[in-house]
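One structure below.
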Amino acid sequence: MALCKGVLLFIFQAIVCFCFFNSSQGNQQFSLRNLPPLQKASSFPATRPETYDYIVVGGGTAGCPLAATLSLKYRVLLLERGGSPYGNRNVSYMENFHIGLSNMAPDSASQAFVSTDGVINARARVLGGGTCINAGFYSRASSSFIQEVGWDEDLVKESFPWVEDKIVQWPKIAPWQAALRDGLLQAGVSPFNGYTYDHVSGTKVGGTIFDESGYRHTAADLLAAGNPSNLRVLLHASVHKIVFNSQQGRLKPRATGVQFADENGRLHQAFLNSNRDSEVIVSAGAIGSPQLLLLSGIGPKNDLKNHNIPVVLHNKYVGTGMADNPMNSIFIPTKSPPRQSLIEIVGITEAGVFIEASSGFGQSSESIHCHHGIMSAEIGQLSTIPPKQRSLQKAQKYAHTKLNLPKEIFQGGFILEKIDGPLSTGHLALIDTDVRNNPAVTFNYFNHPQDLTRCVYGIKTIERILKTNRFSELAADNAGFSMERVLNMSVQANVNLIPKHTNDTESLEQFCRDTVITIWHYHGGCHVGKVVDRQHRVLGVSGVRVVDGSTFSRSPGTNPQATVMMMGRYFGVKILRERLGQAAVCN
Ligand code: FAD
């Protein structure tokens with residue numbers, strides 16, 4: 001009896017231990033109870049404007065952790081042009097990833113744009129930013145990246161777990177991802193580094209912001225770590241410009257606040273208080289931040305004058321150095337709909353090519369009736385439209401008329417390759433002065449021959465993975481794959497607006513150029529040393545910083561969101577420490 005009691009006690013303790021261990025993973029213990037009220041922009045007082053220590057423009061991946069951290073000690077206004085992620089099914093559920101991306105409505109959480117290269121792309125328009133529409137994979141920057149950008153390594157080491165403890169999980173590996181893991185290892189992308197957030201050569205399982213049920217946790221959740229009585233969050237608040245006081249005799253123009261429009265189009269002004277440390281911090285993303293600086297009069301003076309924007313500061317570098325990591329994908333049809341999976345595994349090759357995979361986006365009963373977005377096969381049918389007539393509108397029209405296509409062509413998965421640190425770069429320029437519209441963005445994919453060489457290396461690595469036959473049991477006809485066949489299907493499944501060539505399956509260089517798409521890791525436009533200093537203060541003016549992916553000259557890690565969220569926390573703590581000393585933040 002005593003033995004029996006002992007065994008029961010042991011089992012009970014083991015269960016408690018197991019539950020505790022599980023609940024200490026990811027966000028189980030992080031509560032959203034402390035979220036500040038998410039108010040409409042029209043609620044902003046028109047008559048007696050409030051003043052703030054910090055105005056953060058853009059409640060995205062960097063902006064949310066930054067605003068939360070600053071609010072622990074100061075009054076913060078966070079202005080986000082999009083709506084709330086809470087209650088939006090396209091945001092919250094992984095199964096709707098592609099449906100959200102292809103929603104072209106003006107209030108969609110994703111705003112599509114087509115770069116002048118002919119590649120369909122997306123930018124976030126929702127509180128939580130890119131973390132609300134992305135594929136969820138979580139993987140830290142390498143230590144060499146942290147050293148290159150000159151960040152305090154100890155503070156970086158504290159800031160990553162601050163994010164991870166709240167919103168990151170380990171994935172439950174899907175069959176498609178398990179096949180990739182085994183294929184990568186058999187193809188020599190080794191060693192296997194297990195479950196890790198670290199950026200290390202070989203094959204690994206990374207983190208994810210989706211929980212086991214496919215529910216998405218986002219940077220918006222991080223607002224609950226702030227002080228709600230110091231943090232005012234306004235939704236549908238599109239900032240039109242930063243307002244400067246350029247009095248004569250002043251050395252530098254100084255930011256005094258911002259002008260923004262509410263959801264009814266009504267204009268408001270929000271002001272900084274008179275403290276000399278108060279700042280406008282721009283976290284509007286790699287498209288939004290350079291766009292906003294230009295609209296505020298900071299940029300190449302001739303371009304500004306062409307749009308009748310009064311010049312606050314001539315800086316020819318605003319909008320330059322835009323880069324997007326080219327992605328090329330191989331489509332593999334399957335005999336039955338594979339379980340949906342976004343990125344869970346990554347192969348990190350020494351050549352700076354990363355291999356990832358996704359499966360099962362295209363065949364759900366809901367999605368079969370709509371434009372399948374960038375990750376599916378159907379837009380490949382656009383190749384039947386003459387190149388000059390291809391446009392986003394044509395893609396939408398096509399989506400409405402293709403309901404009779406056989407389901408099977410939407411059934412399968414992709415193996416993707418991404419080039420790290422592309423040497424091909426481009427630029428961003430205003431098309432008009434309406435902040436709601438996309439600027440013109442050019443990435444010049446594969447202009448640099450080394451990028452093309454690495455793309456070919458990546459496709460050959462995928463060929464080696466396919467030869468391991470790890471995918472043949474999932475394939476449509478059990479046959480395994482000839483490379484010519486999968487290249488041919490991949491050209492058909494391709495979703496860009498670039499004209500195709502007859503030698504796409506013979507020349508891997510041509511295949512890379514013609515089927516390039518985006519992995520949405522675009523960055524640049526406000527580079528350190530050109531537009532901002534090492535503390536991310538905008539050069540030549542005072543009271544403005546930029547904290548987001550626009551400051552990167554290469555995208556960190558295999559995928560950037562981990563580092564961008566960490567960066568928001570990092571700069572928040574850094575700013576507090578600059579003002580209040582080392583002990584400024586303890587939670
Ligand atoms: P954002 O998060 O885009 O934040 C900018 C915010 O500013 C937005 O909320 C926007 O609405 C707001 N804004 C812009 N202009 C204004 C204005 N004038 N006034 C007010 N608000 C404004 N990364 C990964 O690590 N893993 C992945 O799996 C992954 N998959 C991706 C899939 C997709 C479809 C996309 C789009 C991205 C993906 N990424 C992924 C990349 C990653 O999500 C982004 O690099 C990152 O979120 C960018 O963060 P940011 O803070 O620079 O910009």
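Note: hydrogens, waters and symmetry copies are ignored here, and every other heavy atom, side chains too, is used.
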(request) For residues 536-566, pull every pair meeting ring-ring contact (aromatic ring centres under 6.0 Å, His included), keeping only residues two or more places apart or in separate chains. (result)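 Listed once each, the pairs are F145-F552, H536-F571.
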Side chains of [X] and [Y]: do they bring a donor and an acceptor to under 3.5 Å?
X: N273; Y: D53; value: yes
X: S139; Y: K204; value: yes
X: T131; Y: T61; value: no

(message) Could you measure the distance from the CZ atom of R89 to the CD1 atom of I99? Nearest 0.5 Å is fine.
(response)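 Those atoms lie 9.5 Å apart.
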Considering all heavy atoms of both residues, which atom of [X] and which atom of [Y] are nearest to each other, and what is their separation?
X: A224; Y: F30; result: CB-CZ, 3.8 Å
X: A429; Y: P439; result: O-CB, 3.3 Å
X: C64; Y: A219; result: CB-O, 3.2 Å

(request) Kindly say whether G257 contributes a backbone atom to a donor-acceptor pair with the side chain of Y52 at under 3.5 angstrom? (result)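 Flag not set: sc Y52 to bb G257 has no pair under 3.5 Å.
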(request) Using atom types as modelled and distance alone, determine if a side-chain donor or acceptor of R125 lies under 3.5 Å from a backbone N or O of P106. (result)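 Between the backbone of P106 and the side chain of R125 there is a qualifying donor-acceptor contact (under 3.5 Å).
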(request) Would you please indicate if the ring centroids of F210 and Y215 are separated by under 6.0 Å? (result)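 No; Y215 has its ring centre 6.0 Å or more from that of F210.
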(message) Applying salt bridge (Lys or Arg N to Asp or Glu O under 4.0 Å), can you list everything that pairs with E158, at least two apart in sequence or on another chain?
(response)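 E158 satisfies salt bridge (Lys or Arg N to Asp or Glu O under 4.0 Å) with R577 only.
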(request) Anything under 30° is parallel, anything over 60° is perpendicular, the rest tilted; go ahead and classify Y197 against Y138. (result)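 Ring orientation, 0 to 90° scale: perpendicular.
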